[in-house]
There are 2 protein chains.
Amino acid sequence: MRLENLPEIRKFKLFKTMSEENFDAVMQAAYLQNFPAQVRLVTEGDEADFLFLVVEGCVELFATANGREATMAMIKPVGSFILAAVIKDARYLMSGRTTEKSRILMIPAKNIRDSFEKDSAFALAVVTELADCYRSVIKEYKNLKLRTAVERLANRLLEYHCEQGETGVIELPYDKKRLAALLGMTPENLSRAFVTLKPYGVTVSGSSITLSDMKGLITLAKPNLLIDRHAG
Amino acid sequence: MRLENLPEIRKFKLFKTMSEENFDAVMQAAYLQNFPAQVRLVTEGDEADFLFLVVEGCVELFATANGREATMAMIKPVGSFILAAVIKDARYLMSGRTTEKSRILMIPAKNIRDSFEKDSAFALAVVTELADCYRSVIKEYKNLKLRTAVERLANRLLEYHCEQGETGVIELPYDKKRLAALLGMTPENLSRAFVTLKPYGVTVSGSSITLSDMKGLITLAKPNLLIDRHAG
DNA sequence: GATACGACTTGATATTTATCAATAATGGAG
DNA sequence: CTCCATTATTGATAAATATCAAGTCGTATC
């Protein structure tokens, strides 16, 4: 990888505590690459050759079966994906594709596993990252099992509102098709869920959403500390 | 903990590779206890004081929100639970209760975290266990998002059939209420799903299920290597 | 500015799943 | 063994969600 990018990478949670020596060794073997939108980076079932980090842009993780497709997560900077498969030296359980122009750091799986054994600070960083990923999925799983489609949408809007500075207006981070897939519903249903939320002060104008009755929306959404980032 | 139990514990995947010294230190602080059925061991939202291992019996992990309850997983010997919360020193995202008379090993979270830093073999065992847990949840999440209730039941039956030695007869490992919750449906729906599977050779008699048309059932279930333990 | 394309919305309908109610079966406790 | 409480099944109905089919809207292209 190009030297000029190293300081930027070094700041990532995963590498911050790593020894200089191991960091250099890992980065020697890594690639930092720019991809356009809609590029398939990994395919479920393939062997885990690389660990991926999203440095810029966005990657959609999805899975398929019986001709159906489900969006599992959207990874934004600075997030990693398929760490578990890399650690286990197993096959990917999900596919990943860029949803926009993205900058991706690819690290050969073997280097990750080697450094894990050599560098206990890195091992701690890896296990922390993996625990974070695990807890995120658990939360998504709870979200899906315990809430209706409208409730999931309401909470997602509150999450974006929180992320974007609580201005009363939010910008959807992806198109509605993808948002629907992420929330586990069809695009038609998402449209209807927005209509259902109208009495709760939710006004849609393209990808821009206005929230004018936070209290009402929160009453409906019932955000939960053990599911939502925006709760509390 | 009592000395006589140590050799038994030492064999667990998580402790097999640990140094003698660290193992002794961890076990010094651990409790091995017997619980009757229906005892709540952990409650979601509580701080992660202990890592739990199911030595005998069975623990149901579940979560609640808005008065609804969802079963997240059933942990059988020798499985651990809430490892991620222990690692992160965070709050439990799930509650756990015994579903039958069980023998549980409880290890103070701090000892786990300390040993993780001191013993790189243990660190590797922990990260491997965590990666396994992560991949299991991903599979459950895919199962829920990509399949209908009947398909989920069909695959679960195939899984039990595989686990129990492919004899054509399986014994349900928990009562149907719990099985329904685990599969993400109501008990009424589970009953109806069994009726739906009748033309595929599935005969129900209490907790004993006979499978007489494996080919048909498999055609319906479409087991998948990247979701199911029993596939392939 | 006209056109064409894709994304989004809306309506009608079908499917899936949940709820409510009643009854039947099961399994412990005494 | 009998009684009781829980669990399981079945039927009727309702709610949630998906599907199919038009339409609308916006926008990028020419």
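Any value given below was found using the heavy atoms of this structure, including those in side chains, with hydrogens, waters and symmetry copies removed. Numbered from 1 within each chain, the chains take letters A, B, ... in sequence-line order.
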* **Exercise: identify the closest heavy-atom pair between A:Gly45 and A:Arg91** =>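 Between these two residues, the closest heavy atoms are O-NH1, 2.8 Å.
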* Where is the tightest heavy-atom contact between A:His230 and A:Pro223, given as atom of each residue plus distance? ->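 Between these two residues, the closest heavy atoms are NE2-CB, 3.4 Å.
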* Asked: Step by step, would you call B:Lys139 with B:Asp228 a salt bridge (charged side-chain N to carboxylate O under 4.0 Å, His left out)?
  -> CA-CA 7 Å; B:Lys139 287 174 177 185; B:Asp228 308 294; over 6 Å; no
* Passing candidate, side chain to side chain contact (heavy atoms under 4.5 Å, CB included) with B:Ile107, options B:Ile9, B:Leu53, B:Val86 ->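 That would be B:Leu53.
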* To do: Among B:Asn34, B:Thr99, B:Thr98, find the residue that satisfies the side chain to side chain contact (heavy atoms under 4.5 Å, CB included) test when tested with B:Val39.
  =>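 Checked B:Asn34, B:Thr99, B:Thr98 against B:Val39; only one passes side chain to side chain contact (heavy atoms under 4.5 Å, CB included): B:Thr98.
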* Partners passing ring-ring contact (aromatic ring centres under 6.0 Å, His included) against B:Phe81 (at least two apart in sequence or in another chain) ->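 Only B:Phe52 meet the ring-ring contact (aromatic ring centres under 6.0 Å, His included) criterion with B:Phe81.
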* To do: Would you give a per-nucleotide map of nucleotides 13-22 of chain D, 5' to 3', where B means the base has a protein non-hydrogen atom under 4.0 Å away, S means only the sugar-phosphate does, and - means neither?
  => ----SBBB--
Rounded off to whole Å, could you give me the [atom1]-to-[atom2] distance for the [X] and [N] pair?
{"X": "B:Leu190", "N": "D:dT10", "atom1": "CG", "atom2": "C1'", "result": "14 Å"}
{"X": "B:Leu179", "N": "D:dT9", "atom1": "CG", "atom2": "P", "result": "11 Å"}
{"X": "B:Leu183", "N": "C:dT16", "atom1": "CG", "atom2": "C1'", "result": "16 Å"}

Hey, is the main chain of [Y] close enough, under 3.5 Å, to the side chain of [X] for a donor-acceptor pair?
{"X": "A:Arg152", "Y": "A:Arg147", "answer": "yes"}
{"X": "B:Glu166", "Y": "B:His161", "answer": "no"}
{"X": "B:Asn155", "Y": "B:Glu151", "answer": "yes"}

* Sidechain N-carboxylate O distance under 4.0 Å for A:Arg156, A:Glu140 ->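 Answer for the salt bridge query: yes.
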Any N/O pairs under 3.5 Å between the protein and nucleotides 22-27 of chain C? List them or say none.
none

* Counting heavy atoms not belonging to A:Lys76, are there more than 12 under 6.0 Å from its NZ? ->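 Yes, NZ of A:Lys76 has more than 12 neighbouring heavy atoms, counting only those of other groups under 6.0 Å.
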* salt bridge (Lys or Arg N to Asp or Glu O under 4.0 Å) partners for B:Glu69, two or more places apart ->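 Residues passing salt bridge (Lys or Arg N to Asp or Glu O under 4.0 Å) with B:Glu69: B:Arg97.
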* **Rounded to 10 degrees, the angle between the two terminal axes of the helix from C:dG1-D:dC30 to C:dG30-D:dC1, each from five pairs** =>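 Between the axes fitted at each end of the helix from C:dG1-D:dC30 to C:dG30-D:dC1 lies an angle of 40°.
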Please list each protein N or O that sits under 3.5 Å from an N or O in nucleotides 6-8 of chain D, with the distance.
| from | atom 1 | to | atom 2 | distance (Å) |
| --- | --- | --- | --- | --- |
| D:dT7 | OP2 | B:Lys177 | NZ | 3.2 |
| D:dA8 | OP1 | B:Lys176 | N | 2.7 |
| D:dA8 | OP2 | B:Lys177 | N | 2.9 |

* Asked: Could you give the distance from CZ (B:Arg40) to CG (B:Asp46), rounded to the nearest 0.5 Å?
  ->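 Going from CZ on B:Arg40 over to CG on B:Asp46, the span is 9.0 Å.
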